[in-house]
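Here's the structure, in C-alpha cells; my notes come after.
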There are 2 protein chains.
Amino acid sequence: MTKKEVTIYDIARNLGISTSTVSRGLQNDPVVNKNTRKKIVDAAKELGYRYNNFASSLRKQQSNTIGLIVHELNSNFITSVLAGIEKVTTAAGYDLIIAHSSESYTKEAANTLNLFHKRVDGLIASLAFDTNDLSHFQPYFDKGIPVIFFDRVEENSNHTSVVIDNYKCGYQVTQHLIEQGCKRIVHITANLKRNVYGQRYRGYKDALFDNGIPLDKKLLLVNDLSEKASKEAALQILSIKPLPDAVFVTNDFAAAVCIQILKEHGVSIPGDIAVAGFNNDAICKIVEPQLTTVDYPGIDMGEIAARSLVNHLKGLNNLKQTNTIIVRSELIIRASSLRKTH
Amino acid sequence: MTKKEVTIYDIARNLGISTSTVSRGLQNDPVVNKNTRKKIVDAAKELGYRYNNFASSLRKQQSNTIGLIVHELNSNFITSVLAGIEKVTTAAGYDLIIAHSSESYTKEAANTLNLFHKRVDGLIASLAFDTNDLSHFQPYFDKGIPVIFFDRVEENSNHTSVVIDNYKCGYQVTQHLIEQGCKRIVHITANLKRNVYGQRYRGYKDALFDNGIPLDKKLLLVNDLSEKASKEAALQILSIKPLPDAVFVTNDFAAAVCIQILKEHGVSIPGDIAVAGFNNDAICKIVEPQLTTVDYPGIDMGEIAARSLVNHLKGLNNLKQTNTIIVRSELIIRASSLRKTH
DNA sequence: CATGGCATTACAATCGGTTGCGTAAAAATC
DNA sequence: GATTTTTACGCAACCGATTGTAATGCCATG
C-alpha cells in the first residue's frame with residue numbers, strides 16, 4: 001500500500017532542527033543559513049519529501065491557482081488563447097485549472113461553482129452560447145475574487161473584459177462583400193444575445209444601411225453553427241429566390257460546410273455566391289476556394305487577460321480601473337469572396 | 001477586502017452544536033438527525049458557508065481529483081476522449097485537472113510532476129511525440145497512485161493502457177489502397193518510436209509484403225505532421241519518379257494539406273494518387289474529395305480509461321489484472337481513395 | 001567584562017474539516 | 001420498572017505547512 005508521506009516534521013527530526021526552519025529553508029528564505037538550507041534541501045530529496053499543497057493552501061488561505069472557463073476546446077482560436085494564458089500564468093507561478101462548458105449554461109454554472117469551491121485565486125472566463133446573466137459569478141464578486149471575461153462576454157456589465165471589436169469586424173466583412181458587388185448577403189450566425197454575434201450582426205446591418213442596401217430579415221439565419229445546422233442553412237439559402245450573392249458566416253467550420261453543400265448543388269464560389277467566415281482557423285486554407293475570414297488573435301487575448309489578472313493578484317494594478325480591453329483583429333481576404341480583380 | 005470565511009465552527013456556534021455534527025450533517029451522514037441536518041444545511045446557506053477542499057483533502061489524505069495529461073487539445077479525437085472521461089469522472093464525483101504537453105516531453109514531465117504535487121488520486125495520460133521512457137511517472141508507481149495510459153502509450157511496458165489496434169488499422173488502410181490498384185504507396189507519419197505510428201507502419205509494411213509489393217524506403221516520410229511539414233511532404237511526393245499512386249497519412253489534417261498541394265500541382269485525387277488519412281476528424285468531410293480514414297472512438301476510449309481508473313480507486317477492480325484494453329476501430333472509405341467502382 | 005546588535009533558529013498557534021470513540025438520552029424489550 | 005438496544009451527538013486528536021514572536025548564540029564594541 002501507499003507508504004507514509006514524508007513531511008517537514010520528518011526532515012526536521014532527521015536534521016535535529018525545527019519545522020519552521022525546514023519550511024523556511026524549502027522556500028529559500030534568506031533568513032536561514034546557507035548550509036542549513038542545503039542540508040534541508042538534500043534531506044528532502046533523500047527522504048522523498050513532497051510538498052503538501054493542501055496544508056500550504058489551508059494555512060496561506062490561497063490556492064495559487066487560476067481557473068479558466070471556456071465555452072469549448074475544439075477550435076484553433078481557443079487553444080491559442082489557452083497557450084497565451086498558460087505562458088503568463090506559468091511564468092507567474094500560478095497553476096491553471098481548465099473547465100469547459102460545452103456551450104451549456106448549466107455546465108458553465110456548475111464549473112463556476114466548482115472552481116469557487118476549489119478556491120481559485122482568480123478566474124478567466126468565456127461565456128457559453130446561452131448564458132444570459134452573471135449571477136453564477138456572484139460568489140466571486142462578493143468575496144472580491146477577480147474575474148476577467150474574454151471574447152464571449154456579457155455586454156453592459158462593468159466587469160473587466162478582453163475582446164475584439166466585433167462590431168467593426170462585422171462591418172468590415174460586410175463592407176468587403178458589398179465592394180465585391182454583392183447586394184443580397186446572407187448572415188449565418190448564432191444567438192444574437194451573445195455579444196460576439198450581436199455585435200457582428202450590428203456591424204453587418206450598419207454596413208448594409210450605409211451602402212443603401214435594405215435589410216432583409218429572410219437573409220438572417222440564426223442557429224448553433226454546428227455541422228448539421230450549417231447544412232440546413234446551406235439548403236435554406238438554395239431555396240431563397242432570387243439566390244443570394246454572398247454569405248457571411250460567423251464561424252469558419254460552419255462556412256466550410258456551407259461552401260461544400262452549395263458547391264454540391266452547382267453553386268460557384270465566389271462566382272455565384274461569395275463566402276466569408278470568421279476566426280481564421282486552419283481549415284480556411286484547406287477549403288476550396290480558400291476562405292476569407294477575420295483573424296482573431298487568440299494568443300494575444302489570452303496573454304492580455306492573464307497578465308491583467310496576475311498583475312491584479314500581485315497588487316500591481318487594479319482591475320476596477322480597466323473595464324474593456326480591445327485587441328486588434330484583421331480581415332483576411334482570400335479567394336472565397338474575391339469577385340473583382342484589382 | 002475579502003470578508004472572513006465562514007467555517008463549520010461558525011455554523012456550530014450558531015446552532016449550539018458541535019463541529020463534528022455539522023461536518024457529518026453536511027456530508028448527509030444518516031447518523032445525524034434529519035431535522036438537525038436540515039438546520040445545518042439551512043444555516044450553511046444562510047451564513048454563506050463554503051466548503052474548504054484544502055482542509056478536507058489535508059485531513060482525508062486524498063484530493064478527489066483525477067489528473068489528465070494529453071498531448072494536445074486541438075483535435076476532434078482528443079476532445080471526444082475528454083468528453084468520455086468527464087462523463088465518467090463527474091458521475092463518480094471526481095474533479096478533473098487537464099494538462100497538455102503540446103507534444104513536448106519536457107512539458108509532459110513538468111505536468112506530471114505538478115499533478116503529483118497536486119496529489120491527484122489517479123492519472124490518465126496520453127504521451128507526447130518524443131516521450132521515450134516513463135521515468136517521470138515513477139513517483140506515481142512508487143506511491144501506488146494508479147496511472148492509465150491511452151492512445152499514445154509506451155509499448156512493452158506492463159502498465160494499463162487503452163488503445164486501438166493500430167497495427168490492424170495500418171494493415172487495413174494499406175490493404176484497401178492496394179485493392180484499389182495502388183502499388184507505390186507513400187506513408188507519411190510521425191516518430192516511429194511512438195506506438196501509434198510504429199504499429200501503423202508495421203501494418204503498412206506487412207500489408208505490402210503480403211501482397212508481394214516490395215517495401216521502398218523512399219516512400220516513407222517521417223515528420224511532425226504539422227501544416228508546414230505536410231506541405232513539404234507533398235512537394236517531396238511530387239518529386240518522386242515515377243509518381244506514387246497512393247498516400248497513407250496518419251493524420252487527417254496533414255492528409256488534407258497534402259491533398260491541397262497535390263491538387264494545386266495538377267494531380268488528380270484519387271485518379272493519380274489515392275489518399276487516406278487517420279482519425280475521422282470533421283475535416284474529412286470538408287475536403288475534396290472526401291477523405292478515407294480510420295474512425296477512432298475517442299469517447300469510448302475516454303470512458304473506458306476513466307471507468308477503469310475510477311473502479312480501481314473505489315476498490316471495485318484491480319488494475320494490475322488488466323493490462324491492455326483494445327477498443328474497436330473502423331476503416332471508413334470515402335472518395336479520396338476510391339478508384340474502382342464495385 | 002558588560003552590553004548591544006545581528007544572524008539563526010525554535011516555539012506554538014493557526015488554517016478548517018474529519019473521524020474513532022465515548023456518552024447521554026430515548027426507545028424497545030422482558 | 002429494570003435492562004438492553006438504538007439513536008444522536010460531542011470530545012479531541014489529527015492532517016502538514018506557515019509565520020509572528022521569542023530566544024539563543026555569536027561577535028564586536030566601549
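Proteins come first, then strands; the chains are lettered A, B, ... in the order of their sequence lines, and each starts at number 1.
Listed by chain and residue number, Ser63(A), Asp95(A), Ile97(A), Val120(A), Lys118(B) satisfy the side-chain contact (heavy atoms from CB on, under 4.5 Å) test with Thr65(A) (two or more places apart in sequence, or in another chain). In this structure, the salt bridge (Lys or Arg N to Asp or Glu O under 4.0 Å) partners of Arg119(B), at least two apart in sequence or on a different chain, are Glu5(A). Considering only residues two or more places apart in sequence or on other chains, Val32(A) meets the side-chain contact (heavy atoms from CB on, under 4.5 Å) condition with Thr21(A), Arg24(A), Arg37(A). Partners of Tyr140(B) according to the ring pair (Phe, Tyr, Trp, His ring centres under 6.0 Å) rule, which considers only residues two or more places apart in sequence or in another chain, are Phe116(B). Contacts of Ala306(A) classified as side-chain contact (heavy atoms from CB on, under 4.5 Å), with partners at least two apart in sequence or in another chain: Ile85(A), Val88(A), Thr89(A), Ile124(A).
For the salt bridge (charged side-chain N to carboxylate O under 4.0 Å, His left out) condition, no pair includes a residue of residues 120-133 of chain A, sequence neighbours left out. Every pair passing ring-ring contact (aromatic ring centres under 6.0 Å, His included) that includes a residue from residues 90-110 of chain B is listed here, sequence neighbours excluded: Tyr105(B)-His136(B).
Rotation axes derived from the C1' atoms of the five outermost pairs at either end of the helix from dC1(C)-dG30(D) to dC30(C)-dG1(D) lie 50° apart, to the nearest 10°.
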Are there any protein N/O atoms within less than 3.5 Å of an N/O atom in nucleotides 23-25 of chain C, and if so, which ones and at what distance?
none

Can you tabulate the close N/O pairs, meaning under 3.5 Å, that link protein atoms to atoms of nucleotides 16-22 of chain C?
unit_1	atom_1	unit_2	atom_2	d
dG16(C)	OP1	Gln61(A)	NE2	3.3
dG16(C)	N2	Ala55(B)	O	3.3
dG17(C)	OP1	Tyr49(B)	OH	3.3
dG17(C)	OP2	Ile8(B)	N	2.7
dG17(C)	O5'	Tyr49(B)	OH	2.9
dG17(C)	N7	Tyr9(B)	OH	3.2
dG17(C)	O6	Tyr9(B)	OH	3.2
dT18(C)	OP1	Tyr51(B)	OH	2.5
dT18(C)	OP1	Ser56(B)	OG	3.2
dT18(C)	OP2	Ser23(B)	OG	2.9
dT18(C)	OP2	Gln27(B)	NE2	3.4
dT18(C)	O2	Arg59(B)	NH1	2.4
dG20(C)	N7	Arg24(B)	NH2	3.4
dG20(C)	O6	Arg24(B)	NH2	2.7

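As judged by a 4.0 angstrom heavy-atom cut-off over every strand, Gly16(A) is placed among residues touching the sugar-phosphate backbone only. Here Val31(A) lies in heavy-atom contact (under 4.0 Å) with a base.
Contact of the His159(A) side chain with the Val153(A) side chain is not registered, since no non-hydrogen atoms from C-beta on lie closer than 4.5 Å.
Side-chain N/O atoms of Ser102(B) and Ser104(B) include no donor and acceptor closer than 3.5 Å.
Contacts between residues 33-43 of chain A and DNA chain C, defined by a heavy-atom separation below 4.0 Å, involve Asn33(A), Thr36(A), listed by number.
Protein chain B contacts DNA chain D from dA8(D) to dG16(D), reading 5' to 3' and using non-hydrogen atoms of the protein with a distance under 4.0 Å.
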